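Atoms within a ligand are numbered from 1 in the order they appear, just like the ligands themselves. Since we're looking at a predicted model, the values are computed, not measured.
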Amino acid sequence: MSRPVLLQALPLLASLEKQLADQYEVHRLPTAGPERSAFLAARGAEFDGLVTSAAGGADAALMAALPNLRIVSSFGVGLDKIAVQEAARRGIPVGYTPDVLNDCVADLGFALLLAVARRVSEGDRYVRAGRWAAPPSSPATPPFPLGRQVSNARLGIVGLGRIGRTIARRASGFDMEVRYHSRRPVDGVDWLHEPQLLQLARWADFLVVITAGGAETRHLIDAAVLDALGPQGYLVNVSRGTVVDEAALLQALQEKRIAGAGLDVFEREPHVPEAFFGLDNVVLVPHIASSTVQTREAMGRRVMDNLRAFFAGQPLPSTAPAS
Ligand code: NAP
Ligand code: 8YV
């Protein structure tokens with residue numbers, strides 16, 4: 001029997017690529033430009049399935065070029081780059097990888113929070129530059145500045161979904177008081193729901209952003225929210241770069257209108273405005289919240305499980321909501 005034919009939209013984890021190639025007929029989508037358009041025009045009708053990622057996505061134009069598409073399986077939980085409504089309109093299920101990455105994304109949220117509050121990256125630069133060992137009287141070596149205590153501080157979480165709740169649980173180990181903002185209160189949790197984001201920002205010492213991305217949350221964290229967080233407050237973003245007004249954040253950091261920020265995600269990845277690079281009050285990492293061997297392997301398994309279930313005529317273990 002012939003194997004289902006899959007289109008792979010972008011490079012994926014090596015072990016996942018191997019499993020895909022073992023079980024399906026897999027073709028790679030050319031990266032961009034005329035070669036890609038010509039490929040889709042000539043061969044778009046051949047594909048039963050599309051394998052992509054949260055970063056690569058699948059927009060309506062790509063789906064339109066695949067008239068016989070029956071399933072999308074995405075490596076990642078974010079749906080902001082996937083035309084889920086268009087898929088639903090065509091009756092195409094979208095598989096994704098929720099839950100298996102909650103722990104690692106929550107861990108990185110805390111890593112960034114601790115790093116910026118306790119000046120970990122700044123301290124690392126200080127030691128590597130030989131400034132710790134330099135003579136204390138030298139103007140090049142002012143004493144290393146004090147950090148901000150994390151234990152017992154107030155943690156505001158923006159978006160108390162699967163990952164937000166995992167972050168909130170981490171906070172109990174630091175004896176932090178937790179409150180959250182989302183459009184609706186979450187049933188069955190003890191943390192206080194704050195319907196006004198500005199109120200949460202005013203109250204919080206640390207504001208961790210972990211909402212969904214997309215048009216509805218674009219620039220939810222704007223200059224007003226940053227000013228409510230204030231000069232003693234820290235922002236951590238592990239959701240999507242689009243949720244934070246990056247220009248407003250940069251200005252707030254430069255003017256010290258907030259104390260600091262820890263950022264995993266950016267508005268125009270992989271491009272990060274160079275003006276961030278000279279600031280000591282920000283910790284920058286390249287969208288690595290789910291990047292551990294264990295979590296990426298688990299995400300790969302879920303991609304395979306979703307495909308396997310679909311081609312066996314069964315419900316997907318993880319079907320993305322259509323809106
Ligand atoms: P989830 O369970 O669907 O949670 C999303 C949360 O966002 C919900 O609490 C939702 O609550 C809230 N939300 C949505 N729109 C909002 C709005 N306009 N204002 C306030 N809150 C809003 O998703 P998850 O699995 O926790 O993942 C969350 C996001 O994290 C993903 O969508 C993805 O973009 C990001 N992520 C990033 C990485 C990384 O590598 N940095 C890794 C994984 C995931 P309401 O609907 O009640 O508002
Ligand atoms: C990954 C993510 O970086 O799951 C998401 O939404 O942002 C991250 O886990 C992404 O899936 C890789 O494409």
Side-chain angles (χ1 to χ4, degrees), residues 8-13 16 51-58 72-82 84 94-112 156-170 179-189 191 193-201 207-222 225 236-244 262-267 269-270 284-292 294-300 302-303 318-323:
Q8 183 183 326
L10 74 178
L12 292 164
L13 190 70
L16 172 58
V51 185
T52 187
S53 74
V72 175
S73 186
S74 179
F75 181 85
V77 71
L79 299 170
D80 46 308
K81 291 189 175 172
I82 300 180
V84 283
V94 175
Y96 72 150
T97 68
D99 292 316
V100 296
L101 40 61
N102 294 351
D103 283 329
C104 273
V105 180
D107 291 352
L108 191 89
F110 255 91
L112 287 171
I157 300 178
V158 185
L160 199 78
R162 291 169 290 245
I163 301 170
R165 289 193 292 274
T166 312
I167 292 171
R169 287 195 294 274
R170 296 281 183 281
R179 296 183 184 179
Y180 71 97
H181 167 78
S182 52
R183 293 167 299 180
R184 289 167 291 272
V186 176
D187 287 339
V189 302
W191 306 297
H193 179 246
E194 175 50 76
Q196 300 300 327
L197 176 55
L198 282 176
Q199 291 291 359
L200 183 74
L207 195 64
V208 176
V209 184
I210 186 63
T211 63
E216 287 199 18
T217 53
R218 186 173 183 278
H219 289 189
L220 187 65
I221 308 298
D222 59 10
V225 174
V236 171
N237 187 8
V238 280
S239 64
R240 283 292 179 264
T242 51
V243 184
V244 175
L263 306 174
D264 181 46
V265 287
F266 301 87
E267 280 202 78
E269 294 175 10
L284 309 165
V285 293
H287 199 148
I288 55 167
S290 70
S291 311
T292 65
Q294 293 71 18
T295 286
R296 289 287 169 90
E297 295 285 352
M299 291 162 68
R302 187 61 55 89
V303 168
S318 304
T319 311
S323 58

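Residue Asn102 places no N or O, backbone or side chain, under 3.5 Å from any N or O of ligand 1. Not a single N or O atom of Thr217, backbone or side chain, sits closer than 3.5 Å to an N or O atom of ligand 1. In terms of polar-atom proximity, Phe75 is counted as a contact of ligand 2, with an N or O under 3.5 Å from an N or O of the ligand. Considering both main-chain and side-chain atoms, Met299 never comes within under 3.5 Å of ligand 2 through any nitrogen or oxygen pair. Some N or O of Val238 is nearer than 3.5 Å to an N or O of ligand 1, by distance alone.
Of the protein's non-hydrogen atoms, Ser290 OG, 2.8 Å is the one closest to atom 9 (O) of ligand 2. Regarding atom 47 (O) of ligand 1, its nearest protein heavy-atom neighbour is Arg184 N, 3.2 Å. Nearest non-hydrogen protein atom to atom 41 (N) of ligand 1 is Asp264 OD2, 2.8 Å.
With a heavy-atom cut-off of 4.0 Å, Arg240 touches ligand 1 through its side chain alone. Neither the backbone nor the side chain of Glu269 comes within contact range of ligand 2; no heavy atom lies under 4.0 Å. With a 4.0 Å heavy-atom cut-off, ligand 1 is reached by the backbone of Ile163 and by its side chain too.
Counting heavy atoms only, Arg162 comes closest to atom 1 (P) of ligand 1 of the residues Arg162, Lys81, Arg183.
Under the 4.0 angstrom criterion for non-hydrogen atoms, Ser239 is in contact with ligand 1.
Atoms of ligand 2 lying under 4.0 Å from any heavy atom of Val77, numbered from 1 in the order shown and given with element: 4 (O), 5 (C), 6 (O).
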